[in-house]
Amino acid sequence: MSEQIKKQIPLRLSPKLYNAIAAWAEDDFRSVNGQIEYLLTECVRQRKQNGKYISDKIDEPIELDI
């Protein structure tokens with residue numbers, strides 16, 4: 001049985017984005033780290049299914065109205 005070792009990476013998030021992810025994580029009973037991993041996994045899964053990102057505007061900066 002091979003062990004999967006998770007890689008650690010530095011990640012910079014704006015306070016608004018962090019707070020939005022933290023609130024979402026709390027709603028889903030996950031840690032912030034777990035929520036980010038979940039979101040990234042879903043995005044990669046979506047790309048594998050149809051060859052596209054979830055949004056055609058994925059690289060554009062987002063405005064959070066929170």
Can you give me every donor-acceptor pair (side chain of residues 5-13, partner residue at least two apart or in another chain, under 3.5 Å) with its distance?
from : atom 1 : to  : atom 2 : distance (Å)
K6   : NZ     : E37 : OE1    : 3.2
K6   : NZ     : E37 : OE2    : 3.2

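Looking at residues two or more places apart in sequence or on another chain, you find no side-chain hydrogen bond (donor to acceptor under 3.5 Å, both in side chains) involving N33.
Neither V44 nor L39 shares a network with the other; the hydrophobic side chains, linked directly or stepwise wherever heavy atoms of I, L, V, M, F, W or Y lie under 4.5 Å apart, form separate groups for each.
Here the closest heavy-atom approach between residue G34 and residue S31 is recorded as N-OG, 2.9 Å.
The CG atom of L40 lies 10.5 Å from the CD atom of Q35; values are rounded to the nearest 0.5 Å.
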